[in-house]
S.K.: 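Below is the structure I would like to discuss, written out as structure tokens.
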Amino acid sequence: MTGAVSTDDLVAWVRAFRDAVHAHKDELTRLDSEIGDADHGSNMARGLDAVVAELDPAPASPSDLFKTVGMTLVSSVGGASGPLYGTLFLRMGPALGTETEVDAEGLGAALRAGVEGVVARGKAEPGDKTMIDALSPALDAWDAAAAAGPAEAARAAAEAAARGRDATEPLVARKGRASYLGERSAGHLDPGATSATLLLEALRDTLAGAA
Amino acid sequence: MTGAVSTDDLVAWVRAFRDAVHAHKDELTRLDSEIGDADHGSNMARGLDAVVAELDPAPASPSDLFKTVGMTLVSSVGGASGPLYGTLFLRMGPALGTETEVDAEGLGAALRAGVEGVVARGKAEPGDKTMIDALSPALDAWDAAAAAGPAEAARAAAEAAARGRDATEPLVARKGRASYLGERSAGHLDPGATSATLLLEALRDTLAGAA
Amino acid sequence: MKKFVNDPADVLAEALRGIQAAHPDVRVDAENRVILRAEPTRAGKVALVSGGGSGHEPMHGGFVGLGMLDAAAAGEVFTSPTPDQVLAATQAVDSGAGVLHIVKNYTGDVLNFEMAAELAAAEGVQVESVVVADDVAVTDSTWTAGRRGTGTTVILEKIVGALAEEGADLAAVAELARRVSAAGRSMGVALTSCTVPAAGRPTFELPDDEMEVGVGIHGEPGRSRVKLASAREIAKLMVDPIVHDFGEPVGPAIVLLSGLGGTPLIEQYLLYGEIAPLLAEAGVDVQRVLIGDYITSLDMAGASLTVVKADDDMLRLWDAPVATPGLRWGA
Amino acid sequence: MKKFVNDPADVLAEALRGIQAAHPDVRVDAENRVILRAEPTRAGKVALVSGGGSGHEPMHGGFVGLGMLDAAAAGEVFTSPTPDQVLAATQAVDSGAGVLHIVKNYTGDVLNFEMAAELAAAEGVQVESVVVADDVAVTDSTWTAGRRGTGTTVILEKIVGALAEEGADLAAVAELARRVSAAGRSMGVALTSCTVPAAGRPTFELPDDEMEVGVGIHGEPGRSRVKLASAREIAKLMVDPIVHDFGEPVGPAIVLLSGLGGTPLIEQYLLYGEIAPLLAEAGVDVQRVLIGDYITSLDMAGASLTVVKADDDMLRLWDAPVATPGLRWGA
Ligand SMILES: Nc1ncnc2c1ncn2[C@@H]1O[C@H](COP(=O)(O)OP(=O)(O)O)[C@@H](O)[C@H]1O
Ligand SMILES: Nc1ncnc2c1ncn2[C@@H]1O[C@H](COP(=O)(O)OP(=O)(O)O)[C@@H](O)[C@H]1O
Ligand SMILES: [Mg+2]
Ligand SMILES: [Mg+2]
Ligand SMILES: [Mg+2]
Ligand SMILES: [Mg+2]
């Protein structure tokens, strides 16, 4: 697939993200135990179960889908990740208008709008040891690879996200609950950067499969 | 020594009992953990420390000594063992009048008065898995051996007490805290029978030493 | 041993210091280890004295104050107070109208309070005693020490304290105390052992997947050890023996669900959410509920349930003002 | 995991059921997971809404009632409630006089309350917010999420609730809330970890001879892990950073020593016996004290100390009647 991503593809992405979160639920909670409060896995799992329950009947367009996902996350997750992941999806929708298909550039622009929303809400900068450390490099990698089509862009973005996630390990957290730990937050992966990587890996796998 | 037991001997006995309780404090508490509330060792140790603090200057007679010991135990131990050991000593004194020495028969009679006091207070019968199971056979052994003098009587009493203590192991408790356990109280030595055996062993060791 | 403690031998003396520092409305007699109301007993008021081993806080010291106890004698951890302590408490609060001793049915408590009552009587103080024996986990028989006294004590102290505050005489106060005592049943479950500071390690070892049913408030092992169960099943293990023991329809009742010290309130509420429907099904008409740590067993994780059959009089007295460190309303 | 629990996923819903069963004076909106007063807000009274993750009981739901909160939104265990929950609470209690949101300074709480306030404003409800950030264990810096909100929240809810009950308007209520918030400092110590039910095992592992100093109320590890110390030394570790952070002489103050859920009252008293003289030495003139489990962290063994500098107005409002499941006097 080099061209368009359909609404169905994106629904499949969201479902794949849900499955990935369930598969990694204990790991996310374990990471959050080390520098947080041991709820990131159950928060995300609860939220994505609620999201999946809203996907039947399937939304008519990507922007409808993202609106539903965002609103459901906001109203079912709570914690820091609820408003932040919720905002990510809520801001993706408007960037897409009412189209039922989207190309690599369009999806990239939507992701960028979403991440900008997260930054506006959470005020985190790259290097603060948050989900932004996975999301932000992923955007740049997406844009650089967009010309090669969405599957390739997603592959590059997922790889960049994973690198960004890994790079959170030595960092001292400056945002979120982990920042209370000061220097003791270094030496652990950020849970939100880990779940954000799952999000981009799920997109990679979905688009690769659809290709 | 076949004849008289002096006030000093009896003071030495009380001190030896205190030392034995301290040496076996953790064991008494462990036994009380199994079928009670884990305080018999510290109860007895606290009480006997208080007693020893009252022995200077030394009491003038055995009956003074026992009165001091009994009153101090009552007012410093608490729990079931406080009033019971306290009563044991409080009742021993009056049986001895104002003599400063006492023979085997006299000491036997005093012990019997003391144990009868314990029974009157606590209503335990032999076989109820209490200190009575050590004290009661000790009395009988004492009387049987009294003619051979106090050292020999104490040896026989200590041996009988130890046998009585060991015999509490299979018993189901019918008095005191262990009785709440019903059948589960079987299979454990009674803590009070164990401390009572220490009392008679301390007497044996003291009189053997004085002999 | 993970506790806020200095020398384990000093736990009681130091905890009393904290009580005094925190609560100006009570006075701690440090020498006798007695907690009293700061104000002397009003002339003509019958005084209520209780006490027992420490480690059950807020019981009993936390229930000293208007509408409840006049004094509490605090024994060492899990060790009944001595007759001297109880006598000191009794003499300090007698206004001439007499004193009610509220005693939990443990050999040590009974013997020490008995001796104290004899001594007080010899000093001319009128003393009546009530012995609470409400723990249905224990077979009640003339062949045993009888049932332990647990949660009913708290409810009794509140109700009878209110009657004494109203000015009733010693006979009436003692009579009500016996009625409340007879109307109460309790049952406890432990998920973990407690650790007696002086012992330094858990009184019993409970594997991760087991619990003690019918545990005592001193960490005495329970009547049976069973597999760890869900809150729903545990609720049944607590409610059934109580209801069964009443034998007759219970009707209006006051209920206490007390944490044992190591169990947080969220779990107590969850458990009560399971208990409430079972009580209703069994015909217990719950009129008043108290949930929280009221009668504890050091740091034990667990809970005890108490049901007291309550007539209108008891309910009225329950609602009367009370102002103590551990229980307060209407004042 | 030794807890009174059925399915760990149902902890919150089931605990709310218990709260409703136990407390007829509050009403639980099970769908929105909001705890409200049983009576609607009196016309003209400013309403106080708080909330946060569950696992800190009695905070916040236990502080709903006369003289304190009007509603509390209960998030999942250690997870801030969603905007929908806070909005439902806000709309339910607004009498037209406006609503104060009392928010503890955690990213999740701040974001979710912020979104709720925006939504409420869009619906025409006047909302003011106060953010409590009192935990001196956390370095306060523009480069971090700032200090956590802990014990000062309880004291604030009581004092500001009393002012709202008197009929003050939203501006005055919010102004006092900010003053109390600015006047509070807290510090916590954990002897053990807590166990989040859904996680099923302790959030952190603490060796038998170590403790966490400056721990958060969600089991966030503290700023340092040190050797287990005596109560006397721990008292100093709690008092010193608070006094130091005030920087200026404290004078009259309200003090809260809260157990974290797994620490029994006897230990809290013992610890307070060590804290009181240190506070006095440092010039803190303790006017009122609250000791017990008021802001907990599930089953964590530990305690947190809060000192709020209190003027006469705050003391008067502190003493005003309050009738909630978790705090009650004068009514
Ligand atoms: N200000 C922020 N901006 C971006 N991401 C953040 C921010 N604060 C926290 N996060 C992310 O949220 C994650 C934690 O989410 P979660 O555990 O669900 O919420 P909480 O911290 O409220 O328990 C962190 O690992 C981090 O990646
Ligand atoms: N009624 C009784 N008669 C005689 N001895 C008793 C009686 N009740 C208890 N005891 C003895 O007391 C011992 C327990 O003493 P202790 O642990 O100090 O007191 P408590 O049971 O109050 O904690 C038991 O082991 C038993 O030997
Ligand atoms: Mg978290
Ligand atoms: Mg004992
Ligand atoms: Mg005892
Ligand atoms: Mg959280």
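Both backbone and side-chain heavy atoms feed into the values below; hydrogens, waters and symmetry mates do not.
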S.K.: Between Val11(D) and chain C, with a heavy-atom cut-off of 4.5 Å, which part of the residue counts as in contact: side chain, backbone, both or neither?
M.R.: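 For Val11(D), backbone and side chain are both near chain C.
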
S.K.: For Leu191(C) and Phe4(D), work out which heavy atoms get closest and say how close.
M.R.: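 Nearest heavy atoms, Leu191(C) then Phe4(D): CD1-N, 3.9 Å.
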
S.K.: Please report the shortest heavy-atom distance between Tyr272(C) and Ala21(D), naming the atom on each side.
M.R.: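 That would be CE2-CB, 3.7 Å.
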
S.K.: Quick one: what part of Met300(D) sits under 4.5 Å from any heavy atom of chain C, side chain, backbone, both or neither?
M.R.: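 Neither part; nothing is under 4.5 Å.
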
S.K.: Can you tell which part of Ala323(D) gets under 4.5 Å to a heavy atom of chain C, answering side chain, backbone, both or neither?
M.R.: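 Contact with chain C involves no heavy atom of Ala323(D) at all.
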
S.K.: If you define the side chain from C-beta out and look only at heavy atoms, does anything of Asn6(C) sit under 4.5 Å from Glu274(D)?
M.R.: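 Yes. Closest side-chain heavy atoms under 4.5 Å.
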
S.K.: What part of Leu327(D) is in contact with chain C, defined as an atom under 4.5 angstrom from a non-hydrogen atom: side chain, backbone, both or neither?
M.R.: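 Neither part.
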
S.K.: Which atoms of Leu298(D) are under 4.5 Å from chain C, going by heavy atoms: the side chain, the backbone, both sets, or neither?
M.R.: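 Answer is both: backbone and side chain atoms of Leu298(D) are under 4.5 Å from chain C.
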
S.K.: Do the two ring centres, one from Tyr269(C) and one from His23(D), sit under 6.0 Å apart?
M.R.: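 Aromatic pair counts; centres sit under 6.0 Å.
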
S.K.: Quick one: what part of Pro197(D) sits under 4.5 Å from any heavy atom of chain C, side chain, backbone, both or neither?
M.R.: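 No part of it gets close to chain C.
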
S.K.: Name the region of Thr296(D), side chain, backbone, both or neither, that has any atom closer than 4.5 Å to a heavy atom of chain C.
M.R.: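 For Thr296(D), no heavy atom lies under 4.5 Å from chain C.
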
S.K.: Looking at chain D, which one of Ala276(C), Ala22(C), Gly273(C) has the largest number of heavy-atom pairs inside 4.5 Å, strictly under?
M.R.: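 Ranked by contacts with chain D, first place is Ala22(C).
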
S.K.: Which region of Ile234(D), side chain (C-beta onward) or backbone (N, CA, C, O), has a non-hydrogen atom less than 4.5 Å from a non-hydrogen atom of chain C, or is it both or neither?
M.R.: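 Interface part for Ile234(D): side chain.
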
S.K.: Using a strict cut-off of less than 4.0 Å between a Lys/Arg side-chain nitrogen and an Asp/Glu carboxylate oxygen, indicate whether Glu267(D) and Lys2(C) qualify as a salt bridge.
M.R.: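 Looking at Glu267(D) and Lys2(C), the cut-off is not met.
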
